[in-house]
Chemist: 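Below you'll find the structure I mean.
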Amino acid sequence: MKNIKTILLAFVALCVVQGAVAQSRERSVVKTDSTTVITIVKTHSEFTPKHEIRVGVGTVSLPTLLALNEGHNDYYPDFRRDMANADTYLTPRMFVGNYSLTYTYQDRRWLQYGGQVVFGSSTRSRKNSFTHETVANLNYYVLSVMPTVRFSWFYRDAVQMYSSVSLGVVTDFDELMVWGDATLFGCSFGRKFFGFAEVGMGMGGWLRGGIGYRFNAVKK
Amino acid sequence: MRKYISILAVALAALFVATSCEFSSGTDPDTNKANRLLWNRVQEALGSQYHHIVAVAQLNDTLRKAEYGNKPYKGEVPEITESNGVYTLVYAYERTYIVNTLGKKLEEGGEWSIQVKYGTYMEPYKLGTVKGVVGEPTKFSFDFADMYAYRGPYPCALKSEVEYFYNVSDESLDITLFNTEGHSVEHYAEDHPDYIIEFKAPEPLVFYGGELYSGVVDILYKDNVSQTQRGVTVEISNKFTTFAPPKLE
């Protein structure tokens, strides 16, 4: 049973690859008096440089966990501080996502470069125990700006698979640090208007997804 | 265009729901939290001083040769040695008291000076003085004013009048404190504390078997940084505690 499954998967993979490869084949047949010459010419459509803008959301990642989850807490007991806060209570600390805006320019099939901005946030408030009114907002924010390079290792007009790496700065509006991001595996579906899903590490989160728009660069 | 905006909004909303999560839980509203914080501090102070009171009572009973049977105390019994009127009480090397009785018993109106040492390597701290009442073998008053003789993060000073009885069935001392008052500060505050907790017991505090059984304590908390204060009156009955608006000014 296991062997049958393996064979079926290999067959499906071959069909997909064959189908993808077949898009770029042209076949011409020339008949002469005594021979028939079949010429198969493999061609690629001419590549047009493109601009690409993406908007995405990511899950929590290690750097955002460190920056957004009570990283500023003072763990030493302080009776005076406890008394000052005794008439209040805390709401749960909620992570509301990593939001990214990415722009890249693609002048080759396999290479895109540009930059991304990622914003992450967690929210919490302190409320009065008697009146339930908010007495303080304890929200944390983190913002990163990073140049990005993306490598497409499978390129078709409608489907692309890629990896990327980014390195830049991140701030929690208190300190500035150098940090990075990497997409280990990403996949986009669509031509001009597309969706994407990625697995990565760094500021963007472990899992990311979103939508984007591509448009041709204006020829000079 | 409107279609694309709608798709964008729905997609991002779905992703937002999928990626949001709770980092840490919150706390529940507790309108008695401040009262409990203050009472816990005062209880801690009373509990720590209780050991000193028991030590004085045990030495007093030894000197007056009180008869309590073969095993007078269920709890710790110190090893007592004497040299030139100075008695040393050792509680399994955790606490050692050095009591200078000046040759007088408490029921003779004696005034004792007490030092306490914790562990085996620390220097002794001067705890304070104990004064007996003439003709009253189980009554005395104490003034343990040296806050830094308290072993713990929150030093406290306490003075009170004591009457104790030996509880035969429990094999322990039942202790009643009268006219108790004290105060407590942060350990490292020294001369200018950020806050001070003052307390007074307008009614006797009764301890059975080492536990506070009944009494009333008025507590006043003064925050010297924010220049605010708050108070609470704690009523203890059958070991249960209730909080009432403060009477202490």
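Protein chains get the first letters and strands the later ones, always in sequence-line order, with residue 1 at the start of each. No experiment lies behind these values; they were computed from the predicted model shown.
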Chemist: Please round to the nearest 0.5 Å and tell me the distance separating atom CG of A:Asp78 and atom OH of B:Tyr195.
Modeler: 8.0 Å
Chemist: In terms of heavy-atom contacts, does CE of A:Met201 have more than 12 from other residues, nucleotides or ligands at under 6.0 Å?
Modeler: no
Chemist: Taking the side chain as every heavy atom from C-beta outward, state whether A:His132 and B:Pro29 have any atom pair closer than 4.5 Å.
Modeler: yes
Chemist: Would you find more than 12 non-hydrogen atoms of other residues, nucleotides or ligands less than 6.0 Å from A:Glu133 atom CD?
Modeler: no
Chemist: Taking the basic N atoms (NZ, or NE/NH1/NH2) and the acidic carboxylate oxygens, is any pair closer than 4.0 Å for A:Asp87 and B:Arg230?
Modeler: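 Yes, this pair counts.
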Chemist: For the atom pair CG (A:Leu90) and OG1 (B:Thr27), what is the distance rounded to the nearest 0.5 Å?
Modeler: 4.5 Å
Chemist: What residue among B:Ile197, B:Asp223, B:Leu38, B:Thr228 forms side-chain contact (heavy atoms from CB on, under 4.5 Å) with A:Met83?
Modeler: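 Running side-chain contact (heavy atoms from CB on, under 4.5 Å) over B:Ile197, B:Asp223, B:Leu38, B:Thr228 with A:Met83 returns exactly one hit, B:Leu38.
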Chemist: Are more than 12 heavy atoms, taken from residues, nucleotides or ligands other than B:Phe23, located less than 6.0 Å from that residue's CZ atom?
Modeler: yes
Chemist: Using side-chain heavy atoms (C-beta onward) and a distance below 4.5 Å, is A:Arg124 in contact with B:Ser24?
Modeler: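 Side chain of A:Arg124 against side chain of B:Ser24, heavy atoms only: contact under 4.5 Å found.
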Chemist: Mind ranking A:Pro92, A:Gly195, A:Gly205, A:Ala84 by heavy-atom pairs under 4.5 Å with chain B and telling me who comes out on top?
Modeler: A:Pro92
Chemist: In terms of heavy-atom contacts, does NZ of B:Lys131 have more than 12 from other residues, nucleotides or ligands at under 6.0 Å?
Modeler: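 No, NZ of B:Lys131 has 12 or fewer neighbouring heavy atoms, counting only those of other groups under 6.0 Å.
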Chemist: Hey, what do you get for OG (B:Ser184) to CZ (A:Phe79), rounding to the nearest 0.5 Å?
Modeler: 8.0 Å
Chemist: Got a sec: does the CZ of B:Phe240 have more than 12 other heavy atoms crowding it under 6.0 Å?
Modeler: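 No, because the 6.0 Å sphere around CZ of B:Phe240 holds 12 heavy atoms or fewer from other groups.
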Chemist: Can you confirm whether more than 12 heavy atoms, excluding those of A:Trp179, are under 6.0 Å from its CH2 atom?
Modeler: no
Chemist: Is B:Thr31 close to chain A through its backbone or its side chain, or both, or neither, when contacts mean heavy atoms under 4.5 Å?
Modeler: both
